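Contents: one structure, followed by commentary.
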Amino acid sequence: MIREAVESDLEEILALYLYLHETSVPDSSEHLRQTWEQIIRDKNHHLIVYDADGKIVASCVCVIIPNLTRNVRPYAFIENVVTHGDYRRKGYAAACLDYAKQIAERNNCYKMMLLTGSKEAGTLDFYRKAGYNSSDKTAFIQWIT
């Protein structure tokens, strides 16, 4: 079942992120709780989860960003696309991306964007099959420490 995250999903999502790039689950703190509440309550921040076998096995984030260009149409940014290692190649992450696209369409977005740090051909092919291309724009990142 695909759905948006609810408040009680935090621990499962943090555990799932260990399959993304995290090396540990963050300690419980007031900052973590406040950040989680901000995410859950933000109408433009959609944390999408795929629930299979009674557990969250895939997820992505879709943030709708208001915009003054393109006839004042917003755009969507996709981040943190991840699938549990035991559940890969079953279409769960693709379903999350499809759900994100539905959210973007409902919000009249003119485009969706995502970045990946992966250079693996399989990962890049996955995004191409999901409708993304790497030829229209050039991405630059500046890490802030």
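Keep in mind the model is a prediction, meaning the values are calculated, not measured.
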Check your understanding: Passes side chain to side chain contact (heavy atoms under 4.5 Å, CB included), E79 versus L47? Steps please.
Key -> CA-CA 9 Å; E79 186 64 77; L47 203 161; over 6 Å; no
Can you tell if the side chain of [X] reaches within under 4.5 Å of the side chain of [Y], non-hydrogen atoms only?
{"X": "E105", "Y": "K101", "result": "yes"}
{"X": "R88", "Y": "Y19", "result": "yes"}
{"X": "R70", "Y": "K111", "result": "no"}
{"X": "I78", "Y": "C62", "result": "yes"}
{"X": "Y50", "Y": "K90", "result": "no"}
{"X": "L97", "Y": "Y127", "result": "yes"}
{"X": "L14", "Y": "P26", "result": "yes"}

Review point. Can you name the one residue among I39, I64, I40 that meets side-chain contact (heavy atoms from CB on, under 4.5 Å) with H45?
Key: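 The side-chain contact (heavy atoms from CB on, under 4.5 Å) with H45 is passed solely by I39 among I39, I64, I40.
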Tell me if the [atom1] atom of [X] is crowded by more than 12 foreign heavy atoms within 6.0 Å.
{"X": "D27", "atom1": "CG", "value": "no"}
{"X": "E11", "atom1": "CD", "value": "no"}
{"X": "E30", "atom1": "CD", "value": "yes"}
{"X": "R89", "atom1": "CZ", "value": "no"}

**Study point:** Partner residues of R3 under the side chain to side chain contact (heavy atoms under 4.5 Å, CB included) criterion, sequence neighbours left out
**Key:** M1, V6, D9, V49, D51, I56
In terms of hydrophobic clusters joined by side-chain contacts under 4.5 Å, are [X] and [Y] together?
{"X": "W143", "Y": "L20", "result": "yes"}
{"X": "V25", "Y": "Y17", "result": "yes"}
{"X": "F126", "Y": "L124", "result": "no"}

Revision key, fill the gap. For H46 and K43 the tightest heavy-atom approach is NE2-O, 3.1 Å
Practice item. Apply side chain to side chain contact (heavy atoms under 4.5 Å, CB included) to the pair E4 and I103, showing each step before the final yes or no. Key: CA-CA 11 Å; E4 291 201 43; I103 291 169; 3.8 Å; yes
